[in-house]
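Residue numbers run from 1 in the order of the sequence given. Both ligands and their constituent atoms are indexed starting at 1 by order of listing.
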Amino acid sequence: MDERTAAFELIRMVNEYRVSQAISVAATLGIADHIKDGKRSATELASLTDTHPRALYRLMRALAAAGLFHEGEDELFSLTPLGGALRSDAEYSAAPWAAFVGRPYYRQAWSELLYSIQTGKNAFHHTHGKGVWEYRAEHPEESAIFDRAMAANSRGAAAAILAAYDFSPFPIIMDVGGGQGSLLAEVLAATPGSRGILFDQPHVVVRAASVMAAKGVADRCEIVGGDFFAALPARADAVLLKWILHDWDDETNVAILKNCRRAIHDGGKLLVFEAVLAPPNQGANAKFSDLNMLVAPDGQERTAEEFKSLLAKGGFEVTEIVEAGPRISIVEGRPA
Ligand SMILES: C[S@@+](CC[C@H](N)C(=O)[O-])C[C@H]1O[C@@H](n2cnc3c(N)ncnc32)[C@H](O)[C@@H]1O
C-alpha cells in the first residue's frame with residue numbers, strides 16, 4: 001500500500017465513529033421498523049419519529065450510502081439486508097446494541113481512552129465518578145437500554161453456544177450475572193430435563209420473567225435478585241458465567257469464582273463464556289473489546305493461559321476450551 005492510500009484508509013477508519021453514531025441514532029428512532037413493510041420518505045419518517053425532516057433525510061441518505069438503506073430516485077427509503085438487522089423483530093437484532101453504543105454517558109467514557117492509556121485506570125470512573133454498575137443502578141433508563149443490548153447479543157451467542165456444548169447432563173443450571181435471562185431461557189428450552197436459576201442484580205432480573213415465559217420455560221426457572229459478591233442463592237450442577245469475568249480485574253474475579261465454587265455440586269462444572277484473546281495480529285474484535293473493558297467496566301479480555309491461571313486461583317481446573325464461534329469460547333472448569 002502506498003503512503004497516500006494508507007493515509008486515505010486511516011482517515012476512513014478514523015471517521016468510522018460517524019457511521020457508528022448514525023447507526024445508533026437510526027436504531028434509537030426505530031427507523032428500520034418504520035420501513036420494513038414498505039418504502040417511506042424522510043418527511044413521513046420524520047413525522048413518525050418526531051424528528052426534523054431535512055436532518056433526518058441527511059441521516060437516511062448517509063446510511064443509504066453506507067449500505068443500510070436504499071434511496072430510490074423518488075427519495076423513498078427501503079431496507080437492505082444489512083439494514084434489516086436493525087429491525088426490532090429480527091431474530092438477531094443489532095438494534096439494541098446499536099442504541100446502547102451511542103448513549104452519551106458511554107461515549108463520554110470512550111472519549112477519555114487517552115486517560116486510561118496514560119494511567120492504566122478506568123475512564124468511566126474518571127468521567128462519571130463511579131463505576132458502570134453503580135451508574136446504571138442509579139439511571140434506570142440506561143440500565144434498561146444496556147440490559148436489552150446484552151439480552152439481544154446473548155440470543156445471538158446462545159445459538160452458537162448450544163451448537164457447541166451439551167447442557168443435558170446438568171439437572172440444575174444457574175446463570176450467575178445472567179442479565180435478563182436470554183441465554184438461560186435458550187439453554188432450558190434446548191434441555192427439557194433441566195431446571196434453571198437466574199441470578200443477577202435485583203433491578204436487572206425484574207425484566208426476566210417475560211423472557212422465560214416467551215421461551216416457555218418459566219415453570220422450570222427460578223429468578224433471584226442479589227449480589228454475586230455475597231453468597232449465591234442455591235447450589236447447581238452447572239454454573240454459567242457469561243461476559244462476567246471480562247468486567248473485572250483478577251482479584252475481584254477470584255471473589256466471584258470462590259462464590260461459584262461453593263455453589264457447585266460435587267461433579268459439577270463451571271462454564272465461562274468469553275472471548276479468548278487470539279495470538280498477535282489476529283482477533284481484532286476481542287482486542288477492541290478488551291479496550292472497551294478498560295474504558296467502561298474496568299476489566300479485561302484474557303488469553304487461554306490467563307483463564308487457566310485465573311480459574312485456578314478461584315478453585316477450578318480448566319478441563320476444556322471450546323470455540324463456539326469467532327466471538328465466544330466456552331471455558332469449562334471443574335472444582336480443583
Ligand atoms: C456484561 S453483562 C452480562 C450479562 C449476561 N450474562 C449476558 O451475557 O448477556 C454483566 C452482568 O453482570 C451483572 N452484575 C454486575 N454486578 C453484579 C453483582 N454485584 N451481582 C450480580 N450481578 C451483577 C450485571 O447486572 C450484568 O447483567
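Between D250 and K313, the shortest heavy-atom distance links the atoms OD2-NZ, 3.7 Å. The shortest heavy-atom contact between I35 and F77 is CG2-O, 3.7 Å.
For D227, heavy-atom contacts with ligand 1 shorter than 4.0 Å involve the backbone as well as the side chain. In D247, the part holding a heavy atom less than 4.0 Å from any atom of ligand 1 is the side chain. Contact annotation for F229 and ligand 1: only side-chain heavy atoms (C-beta onward) come within less than 4.0 Å of the ligand.
In terms of protein heavy-atom proximity, atom 8 (O) of ligand 1 is closest to K242 NZ, 2.7 Å. Atom 12 (O) of ligand 1 has its closest protein heavy atom at I244 CD1, 3.5 Å. Of the protein's heavy atoms, G177 O, 3.2 Å lies nearest to atom 5 (C) of ligand 1.
Among F228, F146, W248, the residue whose heavy atom lies closest to atom 14 (N) of ligand 1 is F228. The residue among D200, D175, L240 with a heavy atom at the shortest distance from atom 25 (O) of ligand 1 is D200.
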- [ ] Start with the C-alpha distance between W133 and F146, add both sets of side-chain angles, then the distance that settles ring pair (Phe, Tyr, Trp, His ring centres under 6.0 Å), and finish with yes or no.
- [x] CA-CA 10 Å; W133 309 115; F146 175 77; 5.6 Å; yes
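Residue contacts with ligand 1 include G226, since one of its heavy atoms falls under 4.0 Å from the ligand. Note on ligand 1: L183 sits outside its first shell, no heavy atom being nearer than 4.0 Å.
Listed by number with element, the atoms of ligand 1 under 4.0 angstrom from any heavy atom of V204 are 25 (O). Contact atoms of ligand 1 toward S154: 7 (C), 8 (O), 9 (O) (distance under 4.0 Å to a heavy atom of the residue).
Taking the six-membered ring where the residue is Trp, F167 and Y165 present perpendicular rings, their angle passing 60° and hence far from 30°. Ring geometry for W243 versus H246: interplanar angle under 30°, hence parallel rather than tilted (30 to 60°). In this pair, F100 and Y106 present their aromatic rings tilted. The plane angle is within the 30 to 60° band.
Between Q201 and ligand 1, a contact under 3.5 Å exists for at least one N or O pair. For W243, no nitrogen or oxygen atom sits less than 3.5 Å from a nitrogen or oxygen atom of ligand 1, counting backbone and side chain alike.
Applying the side-chain contact (heavy atoms from CB on, under 4.5 Å) criterion to S78, with sequence neighbours excluded, gives K39, H70. Every side-chain contact (heavy atoms from CB on, under 4.5 Å) that E16 has, sequence neighbours left out, goes to R12, V19.
Formation of a donor-acceptor pair under 3.5 Å by the N259 side chain with backbone atoms of A230 is found in this model.
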